[in-house]
Amino acid sequence: MERTIERNIIDAVKNLYDSDIDVADIQIQATRREFEGDITVVVFPLLKHSRKSPEQTAEDIGNYIVEVNPGVRFFNVVKGFLNIEISNSAWLDVFLKLRSAAPAHSFSEKGKGQTTLIEYSSPNTNKPLHLGHIRNNLLGYSLFKILTACGHRVYKTNIVNDRGIHICKSMLAWKLFAQGETPSDSGIKGDHFVGKYYIEFENAYKNEIRELTSKGMTEEEAAERSKLMAGSRELLRKWEAGDKETLDLWKRMNSWVYEGFNKTYEMLGVDFDKIYYESNTYKLGRNIVIEGLEKGIFYRKDDGSVWVNLSSDKLDEKLLLRADGTAVYMTQDLGTAVERYNDYKFDRHYYVVGNEQNYHFQVLKLILKKLGYEWANGIHHFSYGMVNLPEGKMKSREGKVVDADDLIDTMLVTAREMSEELGKLDEYSAGEKENIYYKIALGALKYFILKVDPRKNMLFNPRESIDFNGNTGPFIQYTYARIRSVLRKAETYDYSGDIKSGDIELNDKESDLIKLLRRFEGVVVEAAETLNPSLIANYTYNLAKEFNQFYHDYSILGEKETAVRTFRIALSEYTGQIIQESMGLLGIDMPERM
RNA sequence: GGUUCCGUAGUUCAAUUGGAUAGAAUGACAGAUUCCGGUUCUGUUGGUUGGGGGUUCGAGUCCCCCCGGAAUCACCA
């Protein structure tokens, strides 16, 4: 449609003004609702060719197009905007073309041949996942879906911070207090089980400090004298030295954590192609640092610690290895990056990590470049904002975190309550019902988080998210379920037959819906280019709302005219397909009924 | 203080990436509906896009200067 108009404009300018124009000067867009018409041409860029007023130019070109293009019914001019009304039969053609292209949907060729890595999730093995991780996981997974849809070859990776003093703390607490208890003994999910001992350590440590300070020590002295802290350091030392007993316990406790994480990941519907462990990559990182030191890119201070000076890039000095030779966060990330490049030879590598680490990733990329790795240019920190709650900020130190599993559970409970109240599922088995509740609960959670621009800090309100009305996941799911219901009923009606162009006259709601449907592809491409799933979310909401308006105003199954009924059912079916596909890019499942 | 990001209806978010009169949802208000209320439906209200300059046919969007908020600037991860 746009193509032919574009062609018309080039011809018009050629014939009317005897001038050749650049295709880039042609701006065609969908007409806004408030105005009459379907397609709008912005004529301002054409003025240099016409040398006339915007109104006159639009008038000239409009007349020309109406004359040569039979698909165009009429036009109107508002200021410098030429609004073109497409004939209804042309809209029907657009729909038929869209629909026939649907099964083999490919959105864009731009990603073709691109190998793209996405790192997301990145948990620590000393505590369960929380609300912040949920945003991370959902964004990472959705980016994977969107980029894949645009032709990228995408690999999902995860880096597990399974090493360090924090792990040793839970290990020590377990040795001291657990008396051999395991997750299966206690009936606690593995990651929560280990998290429990981490908290026990913190509490015991606090008590110890309080006792010591009450004897007249300062905080610093107390921290140095602390037996618990000394015990953790001792464990870390043993771990690094490869002490068998320590390593065995470490492996055992980590396996409990992973078992727990896997359940949470499964609930969220996310997965990974390859998981990296910091305990493996930190050694490679250390070698890289030492290599850089030999090349003179880094330098050693008197105490033996290794640094890089980035002050010429406004980034100050950064520590790479401690005085005792042990690795820091940056060390292992350098190792992980190099290992990943060796594994995948990626073109792009997205790190889905919260915006509190912007500085870290700036430094990481710069260091890799200084080391001479060309591929560092493909590294990109996908930085997202924090999730706040109505009660205020989340602070893990004060224990004010929303646990991921708890949150999912409350969402499930709420979904069940609300569905039971509506009572539309009474005839289904318990298993089928549970499956639907699950889809609603997760759909509500995912949609609420993904509809927000990732960069922005956001406010998560659990009650609002699961509303069946408004801009929510359940509302879109409800629209989809409604469409499916119509289609099930339609099978018992006589609506077979092809739709041919020219068969029927479309009404406004129908052509509005088609207009929106044809934008889908563009939205997906844009979401991939700007790495922004929220575009897809908000688009889908508009589509669902548009369908409901159409559904509200016109009869589908009760329609007498066979051709019209056939068309409307086909339109509903296609809308359902797009909604499902669109929400699928957000990792949200659509229930067949709800 | 340096760096990065964010400021849009009372609130939570949009705005086809530089297009027309900045839109939804929710809240509030009015009316309808009925088992009081919630629910549901209809309508109304709600904005100097933090402020000020600039760029151009045209700015919420791009540039500069202020104001406000967040993150970060560790031998934590």
Side-chain angles (χ1 to χ4, degrees), chain A residues 27-35 37 40-48 53-54 57 77-83 122-127 159-167 278 282 301 303-307 310-311 313-333 353-363 381 383-386 388 390 393 396 421-422 448 451-461 463-465 467-472 475 515-516 519-520 522-523 525-527 529-530 532 534-535 537-539 541-542 545 552:
Chain A
Q27 283 186 49
I28 296 177
Q29 53 198 247
T31 303
R32 295 188 83 100
R33 291 194 158 280
E34 315 87 80
F35 300 93
T40 294
V41 180
V42 184
V43 298
F44 291 111
L46 307 177
L47 299 183
K48 58 189 170 202
S53 73
T57 309
V77 177
V78 181
K79 294 184 185 174
F81 298 89
L82 170 62
N83 299 322
S122 321
N124 290 343
T125 52
N126 64 331
K127 47 189 163 202
I159 177 82
V160 180
N161 295 314
D162 60 345
R163 176 198 87 88
I165 192 82
H166 54 291
I167 314 299
E278 187 189 325
Y282 83 106
K301 284 192 178 175
D303 64 2
S305 55
V306 179
W307 297 73
L310 302 172
S311 51
D313 299 278
K314 295 184 186 174
L315 289 172
D316 214 342
E317 293 180 316
K318 190 81 191 169
L319 176 84
L320 298 175
L321 278 181
R322 292 194 187 99
D324 63 6
T326 55
V328 291
Y329 183 39
M330 184 59 73
T331 322
Q332 69 83 14
D333 245 1
V353 181
N355 62 12
E356 72 266 16
Q357 293 191 31
N358 287 351
Y359 178 72
H360 172 79
F361 283 98
Q362 244 178 307
V363 173
H381 176 204
S383 163
Y384 61 89
M386 308 185 66
N388 297 318
K393 254 202 246 171
S396 55
E421 212 166 297
L422 289 173
F448 197 89
K451 77 171 176 180
V452 181
D453 187 327
R455 282 168 307 178
K456 293 184 179 175
N457 291 350
M458 66 169 291
L459 198 99
F460 179 72
N461 187 338
R463 273 212 354 254
E464 218 173 277
S465 73
D467 202 328
F468 279 49
N469 288 308
N471 190 359
T472 63
F475 170 74
K515 271 184 241 175
L516 210 47
R519 268 197 58 205
F520 178 54
V523 171
V525 171
E526 202 179 313
E529 278 170 7
T530 58
N532 189 353
S534 77
L535 297 179
N538 286 296
Y539 165 80
Y541 171 62
N542 285 328
K545 214 168 54 166
H552 183 263

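Fair warning: this is a prediction, and the values are worked out from it, not measured in the lab. Naming: A, B, ... by sequence-line order, numbering from 1 per chain.
Anti is the glycosidic conformation of B:U12, whose angle departs from 0 by more than 90°. In this entry the base of B:C57 is anti relative to its sugar, with a glycosidic angle more than 90° from 0.
Side-chain atoms of A:V328 lie closest to B:A77 of the nucleotides B:U3, B:A77, B:A14. When distances run from any side-chain atom of A:K79 to the nucleotides B:U21, B:A77, B:U72, the shortest one goes to B:U21. For A:F81, counting side-chain heavy atoms from C-beta on, the closest listed nucleotide (B:G19, B:U17, B:U72) is B:G19. Of the listed nucleotides (B:U72, B:C13, B:A77), B:C13 has the atom at the smallest distance from the side chain of A:M458. With distances taken from any side-chain atom of A:R32 to the nucleotides B:A77, B:U16, B:C13, the minimum falls on B:U16. Listed nucleotides B:G19, B:A20, B:A77 differ in distance to A:R322; the shortest reach to its side chain belongs to B:A77. Listed nucleotides: B:C6, B:U12, B:A71. Nearest to the side chain of A:R455: B:C6. If you check B:C13, B:U12, B:G19 against the side chain of A:N538, the one that comes closest is B:C13. The listed nucleotides are B:G19, B:A77, B:U16; the one nearest the side chain of A:N161 is B:A77. In the set B:A71, B:A77, B:G19, B:A77 carries the atom at the smallest distance from any side-chain atom of A:N124.
Rounded to whole Å, atom P of B:G69 lies 16 Å from atom CG of A:N388. Across the protein-nucleic acid pair, A:L459 atom CG and B:G69 atom C1' stand 15 Å apart, rounded to whole Å. In this structure, A:F448 atom CZ and B:A25 atom P are separated by 16 Å, rounded to whole Å. For the pair A:L47 CG and B:G19 C1', the computed distance is 14 Å after rounding to whole Å. B:C13 atom C1' lies 12 Å from atom CG of A:N542, rounded to whole Å. One interatomic measurement links the two molecules: CG of A:D316 to C1' of B:G1, which rounds to 13 Å at whole-angstrom precision. B:A77 atom P lies 13 Å from atom CG of A:D162, rounded to whole Å. The CG atom of A:L516 sits 14 Å away from the C1' atom of B:A14 (whole-angstrom rounding).
Nucleotides B:G18 and B:C13 are separated by 22 Å at their C1' atoms, to the nearest Å. Rounded to whole Å, the P atom of B:C66 lies 27 Å from the corresponding atom of B:G58. Across B:U72 and B:G47, the matching P atoms stand 36 Å from one another, rounded to whole Å. Nucleotides B:A74 and B:G53 place their C1' atoms 41 Å apart, quoted to the nearest Å. Taking atom P on both B:A71 and B:G10, the two are 25 Å apart, rounded to the nearest angstrom. When the P atom is compared between B:U11 and B:C5, the two are found 25 Å apart, to the nearest whole Å. Taking the P atom of each, B:G52 and B:U61 are spaced 12 Å apart, rounded to whole Å. The separation of B:A22 from B:G50, taken at their P atoms, amounts to 15 Å, rounded to a whole angstrom.
No hydrogens or angles considered: a donor-acceptor pair under 3.5 Å links the side chains of A:N83 and A:T40. A donor-acceptor pair shorter than 3.5 Å can be found between the side chains of A:Q357 and A:Y329. Defined by atom type and a distance below 3.5 Å, a donor-acceptor pair is missing between the side-chain atoms of A:D467 and A:T472. Side-chain atoms of A:D333 and A:H360 form a donor-acceptor pair, as typed in the model, at a separation below 3.5 Å.
Residue-to-nucleotide proximity on RNA chain B shows that, of A:F35 and A:G470, the 5′-proximal contact is made by A:F35. Each of A:E278 and A:L82 was assigned the nucleotide of RNA chain B with the nearest heavy atom; the assignment lying further toward the 5' end belongs to A:L82.
Residue A:V452 is classed as a sugar-phosphate contact, given heavy-atom separations below 4.0 Å to backbone atoms only. Using a 4.0 Å heavy-atom cutoff across all strands shown, A:Y541 reaches sugar-phosphate atoms only and no base atom. Among the heavy atoms of the strands lying under 4.0 Å from A:T530 is at least one base atom, whether or not backbone atoms are also near. Residue contacts for A:N83: at a heavy-atom cut-off of 4.0 Å it reaches a base atom on one of the strands shown. As judged by a 4.0 angstrom heavy-atom cut-off over every strand, A:D467 is placed among residues making no nucleic acid contact. Base engagement by A:Q357 is indicated by at least one non-hydrogen atom pair under 4.0 Å involving a base atom. Contact annotation for A:N461: no contact, since no heavy-atom pair falls under 4.0 Å across all strands. Looking at heavy-atom distances under 4.0 Å, A:T40 makes contact with a base. Residue contacts shown for A:L535 include a base, since a base heavy atom lies under 4.0 Å away.
Under the Watson-Crick or G-U wobble criterion, with both distances below 3.5 Å, B:G68 is paired with B:C6. Base-pair partner of B:A30: B:U42 (Watson-Crick or G-U wobble, both distances under 3.5 Å). In this structure, B:A24 and B:U12 make a Watson-Crick or G-U wobble pair, each of the two defining distances being under 3.5 angstrom.
The pair A:E526-A:R519 does not meet the salt-bridge criterion, since no charged nitrogen lies less than 4.0 angstrom from a carboxylate oxygen. A:D453 has a carboxylate O that lies under 4.0 Å from a charged side-chain N of A:R455, or vice versa, which qualifies the two as a salt bridge.
A donor-acceptor pair under 3.5 Å is absent between the side-chain atoms of A:Y282 and the main chain of A:V328, judged by distance alone.
Side-chain nitrogen and oxygen atoms of A:K456 include at least one within less than 4.0 Å of the OP1 or OP2 phosphate oxygen of B:A14. Distances shorter than 4.0 Å separate none of the side-chain N or O atoms of A:K545 from OP1 or OP2 on B:A25.
By the 6.0 Å and 45° rule, A:K318 does not stack over the aromatic ring of A:W307.
Side-chain contact between A:M386 and A:N355: present, with at least one pair of heavy atoms (C-beta onward) separated by less than 4.5 Å.
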